[in-house]
Amino acid sequence: MNKKITKIITASILSLDIQDKNLAEDLNVEVTQTKNLSHGDFSCSVAMRLSKVLKLPPLDIAKKIINAIEIIDGIERIEAVPPGFINIFLTKSEKTQVLKKILKENNDFATEIPGSKNSVLLEFVSSNPTGPLHVGHGRHAAFGDSLAKLLRKAGYKVETEYYINDAGRQIDILLISILIRALNKLEIKSALPRACYQGEYLNPIADQIIKQYKNLLASLPVNNFLKQDVSEDVEIDLAILSIKNEIGDEMFESLSGEICNITINMIKEDLNTFGVNFDHWYSERSMINNGLINNSINDLKKLNLLYKQEGALWLKTTNFNDDKDRVVLRDDGRSTYFASDIAYHADKKKRGYDQLINILGSDHHGYIGRLKAGLSSLNFSPEDLEVVLVQFVSLYRGKKKIQMSTRSGEFIPMSELYNEVGVDAARFFYVSKSQSQHLEFDLELAKQTNNENPVYYIQYAHARICRVLTQMTSQTMSFEKAIAEKNLDKLTTKHEVELIAKLSGYPALIKQSAHNKTIHTLANYLHELAQLFHSYYGAETFLIADKELRNARVLLIQAVKIILKNGLSLIGVSAPSKM
RNA sequence: GCGCCCGUAGCUCAACUGGAUAGAGCAUCAGCCUUCUAAGCUGAGGGUUAGAGGUUCGAGUCCUCUCGGGCGCGCCA
């Protein structure tokens with residue numbers, strides 16, 4: 001309908017006696033659904049935009065457009081109101097069409113044809129496998145998973161991916177942390193370097209290592225790794241070196257591989273419980289082993305974009321809008337994290353996706369330019385990569401802010417959160433606010449106000465509808481679709497009109513949310529829909545003697561039920577039939 | 001110092017790419033269960049959108065400056 005109206009308005013403008021026809025054609029006629037029903041069902045502000053070029057008062061232009069317009073089926077009337085809005089009122093039967101459509105299409109309502117848009121690789125969470133996910137990752141997981149579902153509904157072909165940083169110094173540190181912990185458990189006392197990871201989650205891993213490698217551990221000499229006289233960084237590097245020498249590079253590699261497997265499985269299980277499952281798990285280590293990183297560096301060499309300075313190999317990212325050049329190979333010959341990322345993103349493109357979307361923490365915003373420069377330098381278009389930034393989650397216990405740091409082990413695991421408040425509530429809470437805003441999460445409040453959480457409000461609306469439907473059958477009434485569809489004109493109360501308008505807006509909401517990559521808009525929409533329903537529920541009785549009105553109302557609430565369930569499913573929240 | 005993000009009701013947040021009277025929840029106050037589930041409904045109070053200029057038919061939204069907060073500027077990942 002929206003498109004049809006746009007068309008007739010555009011046609012009307014073109015039929016006017018306008019000197020500059022090109023300008024009228026270039027003009028983007030926007031027809032939007034109104035917020036306020038007294039302004040009609042749709043409204044258009046094009047007259048006010050034309051006002052300046054035509055040098056006429058906007059209201060006059062609006063009137064002219066209306067006079068020249070060709071009224072089509074489904075439109076009741078069109079009016080021009082100050083300061084120059086064109087408001088379009090639809091006929092009753094046109095408005096209720098949407099209800100029939102929702103019932104007919106069910107979950108497919110507002111779903112675009114699969115694959116009608118770009119193919120997308122969506123990467124998110126990608127937390128370092130050095131420990132369990134914490135509440136900050138939870139936001140990324142909830143947001144990313146919902147975005148994948150939303151984009152699929154909007155017609156994109158989406159695959160999700162988790163990039164595993166299972167190479168590099170952090171993994172060495174993890175290994176040292178676990179080995180020393182294991183030694184201590186075996187009464188081979190050794191102090192922990194300052195940079196080591198701490199936290200309860202290391203215990204079961206250490207136990208497992210003891211089980212499998214008792215002899216190896218026992219053969220290690222007692223060593224004091226704590227060296228207060230050097231810096232933290234030097235201290236840990238010495239510890240890594242010393243252990244490597246003791247057990248050999250090969251054993252070191254195999255051990256850290258094994259430990260990564262354990263932590264990755266912890267993370268997978270955690271995400272699975274949270275309702276988040278990835279299509280692909282992509283390992284950085286595998287990329288080193290199969291030569292992808294070397295290949296990329298060779299490609300860059302051929303393109304003459306590398307140079308040596310102070311023993312290291314640099315990439316001229318400044319050629320591509322970066323503020324300084326970046327190192328890809330260190331003076332000791334090892335590749336940098338950035339080198340991995342260039343190879344990784346080039347590989348993503350080579351796998352054939354049109355569009356790459358990365359969801360990153362806002363603290364990584366400085367990295368975006370570098371990533372795009374990396375893609376550009378290998379002749380990929382930087383526009384193919386879109387980065388969605390998610391702001392931090394601040395945790396509070398009451399008024400006290402909790403400081404989080406993975407290394408010190410002072411973090412609240414994501415699992416603790418969803419165990420306390422439930423997966424549904426946690427997921428809804430995470431996505432109910434714009435990802436570009438800081439999220440303040442008060443644990444005390446979240447745990448206490450279980451029943452006040454907005455997610456229950458929405459779920460309750462769904463459960464109430466289900467209840468009405470079962471009551472209907474137990475009162476030996478049945479839903480007769482034909483009767484209902486014939487009597488939709490009888491839905492005339494304020495609540496009914498508003499509900500129908502709200503339901504009509506669902507496809508546009510999906511489209512717009514997918515375009516803007518926001519989920520909170522969907523969460524808000526569902527809350528508003530539930531609110532309209534609860535209000536309706538309080539004002540009217542559905543199961544009444546009047547068969548015609550009853551069936552029409554039951555059809556309406558069934559449509560509400562379908563949309564509630566569909567919307568909740570996109571957020572990864574269940575729609576219970578009983579509460 | 002340079003760069004990015006943010007500042008809306010007592011609190012937590014909305015406001016569809018500049019649109020009509022800035023909206024919800026929580027909290028506060030006053031009502032509603034003999035009737036489809038009260039995890040609900042109805043109503044009230046609460047705002048100079050941090051501040052000052054500017055752009056235009058129209059600004060919370062765009063531009064400039066000031067103030068206040070967060071983050072980033074490694075041969076870490």
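So that the names make sense, note that chain A is the first sequence line, chain B the second, and so on, each numbered from 1.
Base-pairing analysis of RNA chain B finds the following stems of at least three consecutive Watson-Crick or G-U pairs, with both pairing distances under 3.5 Å: B:1-7 with B:67-73, B:10-13 with B:23-26, B:28-32 with B:40-44, B:50-54 with B:62-66.
Contacts of A539(A) with the nucleic acid, taken as non-hydrogen atoms under 4.0 Å apart, are absent. At a threshold of 4.0 angstrom between heavy atoms, the contacts of K324(A) are confined to the sugar-phosphate backbone, with no base atom among them. In this structure, Q391(A) reaches the sugar-phosphate backbone alone: every heavy-atom distance under 4.0 Å involves primed, P, OP1 or OP2 atoms, never a base. Looking at heavy-atom distances under 4.0 Å, E540(A) makes contact with a base. Base contact: D331(A) has a heavy atom under 4.0 Å from a base atom. At the heavy-atom level, T541(A) lies under 4.0 Å from base atoms of the strands shown. Looking at heavy-atom distances under 4.0 Å, H520(A) makes contact with sugar-phosphate atoms alone, never a base. Residue H438(A) is in sugar-phosphate contact alone, with no base atom involved, counting any heavy-atom pair closer than 4.0 Å across all strands shown. Counting any heavy atom pair closer than 4.0 Å across all strands shown, Q531(A) reaches sugar-phosphate atoms only and no base atom. Residue contacts for V81(A): at a heavy-atom cut-off of 4.0 Å it reaches a base atom on one of the strands shown.
Donor-acceptor pairing under 3.5 Å is recorded for the side chains of E496(A) and Y536(A). In summary, the side chains of Q459(A) and D424(A) do present a donor paired with an acceptor at a separation below 3.5 Å, with no hydrogens or angles considered. Donor-acceptor pairing under 3.5 Å is lacking for the side chains of S432(A) and H520(A). Between the side chains of N358(A) and H345(A), at least one donor N or O lies within less than 3.5 Å of an accepting N or O.
Rounded to whole Å, the separation between the P atoms of rU66(B) and rA20(B) comes to 31 Å. Look at the C1' atom in both rG58(B) and rG45(B): the space between them is 31 Å, to the nearest Å. Taking the P atoms as reference points, rA50(B) lies 41 Å from rA38(B), given to the whole Å. Only the P atoms considered, rU61(B) is 26 Å distant from rC71(B), to the nearest whole Å. Rounded to the nearest Å, the gap between the P atom of rC29(B) and that of rG23(B) is 25 Å. Taking atom P on both nucleotides, rU42(B) is separated from rC33(B) by 15 Å, rounded to a whole Å. When the C1' atom is compared between rU28(B) and rA9(B), the two are found 13 Å apart, to the nearest whole Å. A gap of 14 Å separates the P atoms of rA59(B) and rG18(B), to the nearest Å.
For the pair D172(A) CG and rA77(B) P, the computed distance is 10 Å after rounding to whole Å. Counting to the nearest Å, the P atom of rC16(B) and the OH atom of Y525(A) are 17 Å from each other. The CG atom of L439(A) sits 16 Å away from the P atom of rC6(B) (whole-angstrom rounding). Atom pair N87(A):CG and rA20(B):P shows a separation of 12 Å (rounding to whole Å applied). Across the protein-nucleic acid pair, R467(A) atom CZ and rA39(B) atom C1' stand 15 Å apart, rounded to whole Å. Atom-to-atom, CD1 of I458(A) to C1' of rA24(B) comes out at 12 Å; the value is rounded to the nearest Å. Note: NE2 (H365(A)) to C1' (rC2(B)) measures 11 Å, nearest angstrom. The interatomic distance linking F428(A) (CZ) with rA14(B) (P) rounds to 13 Å, in whole Å.
For the pair K433(A) and rA14(B), the criterion of a side-chain N or O lying under 4.0 Å from OP1 or OP2 is not met. Remark: R464(A) is in phosphate contact with rA38(B), judged by side-chain N or O atoms under 4.0 Å from OP1 or OP2. For Y457(A), a side-chain nitrogen or oxygen approaches OP1 or OP2 of rC41(B) to under 4.0 Å. Residue S535(A) places at least one side-chain N or O closer than 4.0 Å to OP1 or OP2 of rU42(B). Dashed line: the shortest gap from a side-chain N or O of Q437(A) to OP1 or OP2 of rG7(B) is under 4.0 Å. Look at R330(A) and you'll find a side-chain N or O under 4.0 angstrom from OP1 or OP2 of rA77(B).
At a cut-off of 3.5 angstrom, the base of rA14(B) holds no donor-acceptor pair with the side chain of S434(A). Between the side chain of H364(A) and the base of rG72(B), no donor-acceptor pair of N or O atoms lies under 3.5 Å.
Side-chain proximity of E284(A) to rC75(B), rG40(B), rA77(B): nearest is rA77(B). Of all nucleotides listed (rC36(B), rG19(B), rC16(B)), rC16(B) comes nearest to the side chain of K35(A). With rA77(B), rG72(B), rA24(B) as the candidates, the nucleotide lying closest to the side chain of D363(A) is rG72(B). Of all nucleotides listed (rC75(B), rA77(B), rG40(B)), rA77(B) comes nearest to the side chain of Y337(A). The side chain of Q170(A) sits closest to rA77(B) out of rA77(B), rG25(B), rC36(B). Considering only the side chain of S45(A), rG19(B) comes nearest among rG40(B), rG19(B), rA24(B).
Counting heavy atoms from C-beta outward, Y282(A) and M287(A) have side chains that approach closer than 4.5 Å. Two residues are said to be in side-chain contact when any heavy atoms from C-beta on lie closer than 4.5 Å; T34(A) and F42(A) fail this criterion. With a 4.5 Å cut-off on side-chain heavy atoms, E161(A) and S126(A) do not count as touching.
Under a cutoff of 6.0 Å and an axis angle of 45°, R464(A) and Y537(A) form a cation-pi pair. For the pair R77(A) and F89(A), the distance from NZ or CZ to the six-membered ring centre is under 6.0 Å and the angle to the ring normal is within 45 degrees.
Here Y506(A) contributes atom OH and L526(A) contributes atom CG; the two are 6.5 Å apart, rounded to the nearest 0.5 Å.
Taking the 5.5 Å centre cut-off and the 30° plane limit, the aromatic side chain of H39(A) is classed as stacked on rA20(B). Judged by ring centres under 5.5 Å apart and planes tilted less than 30 degrees, F392(A) fails to stack against the six-membered base ring of rG70(B).
The pair D60(A)-K64(A) does not count as a salt bridge, with every side-chain nitrogen at least 4.0 angstrom from each carboxylate oxygen. The pair R285(A)-E253(A) meets the salt-bridge criterion, with a side-chain N (NZ, NE, NH1 or NH2) lying under 4.0 Å from an Asp/Glu carboxylate O.
The residue among L543(A) and V327(A) whose nearest nucleotide of RNA chain B lies closer to the 5′ end is L543(A). Toward the 5' end of RNA chain B, the nearer of the two residues N524(A) and H515(A), judged by each one's closest nucleotide, is N524(A).
An anti orientation is assigned to rC6(B), its glycosidic angle lying beyond 90° of 0.
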